[in-house]
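These values consider heavy atoms only, across backbone and side chains, with no hydrogens, waters or symmetry-generated copies.
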Amino acid sequence: MTYEIFLALAGFALSTVISPGPNNLMLMASGANFGFRRTIPHMLGVGLGFPLMLVPVGLGVMQLFELFPVLTQVMTVVSVAYMLWLAWKVANASAPGEGSARSTPMTFLQAAAFQWVNPKAWTMALGAVTLYATDRTLAAVLWVAGTYVLMGCISTTTWTVLGQQLRRILTNPTRLRLFNWSMAAMLLGSLLAVFWV
């Protein structure tokens, strides 16, 4: 891969991971509710989970969806159900010390698993592989995945810090609740992509 192509890939990767979407909205909400340190497993789940999903997608997993179209419908149902659960979790999050035992940050495995049902993640993976790993070799796919690891570090850190900084404004439980419900509504709004694609 030439230097110019790598720069183009890095720009593409950064623009796709840093734009608002389900992962970034949840990271911002987690930063606001739980702080940076407690959000690190969630950040790692997103930052490593997506590139780990991209590799099998780049090596041919999408052909299964072409061979078995029912898998697309199954993936849509699973995606919607998981997004609804995540929106509920975000809406009902509470700041530490408010006594909600069920309010916890997303774990590494939850965040990594989410990549497989995130419509934006599938679109990003297909776009990146189509444009920058045209020969579908393992080396080309790994270059793309590695670039996403680097750009994912920038994105996950940015959105979590943004949420953490919002914490100063959200000291009032009513404001925090309103913020959480707004984040949950935006997360549900991202489901529109599932129905109108």
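- Here Thr147 pairs with nothing under the side chain to side chain donor-acceptor pair (under 3.5 Å) rule; sequence neighbours left out.
- A distance-only check finds a donor-acceptor pair linking the side chain of Thr2 to the backbone of Ile5 [under 3.5 Å].
- The line from OH of Tyr148 to CG of Leu9 is 7.0 Å long, rounded to the nearest 0.5 Å.
- The two residues Gly152 and Val17 come nearest to each other via the heavy atoms N-CG2, 4.3 Å.
- Contacts of Tyr132 classified as ring-ring contact (aromatic ring centres under 6.0 Å, His included), with partners at least two apart in sequence or in another chain: Phe12.
- Rounded to the nearest 0.5 Å, atoms CG (Leu14) and SG (Cys153) are 11.5 Å apart.
- Phe179 is connected to Ile169 through a chain of hydrophobic side-chain contacts under 4.5 Å among Ile, Leu, Val, Met, Phe, Trp and Tyr, so both are in one cluster.
- The two residues Thr39 and Gly31 have their closest heavy-atom pair at OG1-N, 3.7 Å.
- Side-chain atoms of Val46 and Gln115, non-hydrogen and from C-beta on, do get closer than 4.5 Å to each other.
- Put simply, the side chain of Asn118 never gets that close to the backbone of Phe114: no donor and acceptor are under 3.5 Å apart.
- Between the CE atom of Met183 and the CG atom of Leu86 there is a distance of 14.5 Å, given to the nearest 0.5 Å.
- Asn172 and Thr174 get closest at one heavy-atom pair: OD1-N, 2.6 Å.
- Counting heavy atoms from C-beta outward, Arg38 and Asn33 have side chains that stay 4.5 Å or more apart.
- Minimum heavy-atom separation, Ala145 to Pro51: O-CB, 3.5 Å.
- The hydrophobic cluster containing Leu7 also includes Tyr3, under a criterion of side-chain heavy atoms closer than 4.5 Å among ILVMFWY residues, counted directly or through chains of members.
- Judged by distance alone, with hydrogens and angles left aside, the side-chain atoms of Gln73 form no donor-acceptor pair with the main-chain N or O of Pro69 at under 3.5 Å.
- Leu138 and Val57 fall within a single hydrophobic cluster, where Ile, Leu, Val, Met, Phe, Trp and Tyr are joined by side-chain heavy atoms under 4.5 Å apart, directly or via other members.
- Residues forming a side chain to side chain donor-acceptor pair (under 3.5 Å) with Ser19 (at least two apart in sequence, or on another chain): Lys120.
- Shown here for Ala184 and Ala91, the closest heavy-atom pair between the two residues is CB-CB, 3.6 Å.
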Side-chain donor-acceptor pairs of residues 121-130 under 3.5 Å, sequence neighbours excluded:
from: Trp122; atom 1: NE1; to: Trp116; atom 2: O; distance (Å): 2.7
from: Thr123; atom 1: OG1; to: Pro119; atom 2: O; distance (Å): 3.1
from: Thr130; atom 1: OG1; to: Leu126; atom 2: O; distance (Å): 2.6

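- When hydrophobic clusters are built by joining Ile, Leu, Val, Met, Phe, Trp and Tyr residues whose side-chain heavy atoms come closer than 4.5 Å, directly or via intermediates, Leu150 is grouped together with Ile40.
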With a cut-off of 3.5 Å and sequence neighbours excluded, list every side-chain donor-acceptor pair involving residues 158-166.
from: Thr158; atom 1: OG1; to: Ile154; atom 2: O; distance (Å): 2.7
from: Trp159; atom 1: NE1; to: Ile18; atom 2: O; distance (Å): 3.0
from: Thr160; atom 1: OG1; to: Thr156; atom 2: O; distance (Å): 2.8
from: Gln165; atom 1: OE1; to: Arg168; atom 2: NH1; distance (Å): 3.3
from: Gln165; atom 1: OE1; to: Arg168; atom 2: NH2; distance (Å): 3.2

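- Counting heavy atoms from C-beta on, the side chains of Tyr82 and Gln110 come closer than 4.5 Å.
- Residues Lys89 and Thr104 meet the side-chain proximity criterion, which asks for heavy atoms closer than 4.5 Å.
- Of the possible donor and acceptor atoms, none in the side chain of Ser30 sits under 3.5 Å from a partner among the backbone N and O of Met26.
- Rounded to the nearest 0.5 Å, atoms CG (Asn180) and CG (Asn92) are 8.5 Å apart.
- Rounding to the nearest 0.5 angstrom, the gap separating the CE atom in Met43 from the CG atom in Leu27 is 7.0 Å.
- Taking hydrophobic clusters as Ile, Leu, Val, Met, Phe, Trp and Tyr residues chained together by side-chain heavy-atom distances below 4.5 Å, Leu59 shares a cluster with Val144.
- A continuous path of ILVMFWY side-chain contacts below 4.5 Å connects Phe6 to Leu142, so both sit in one hydrophobic cluster.
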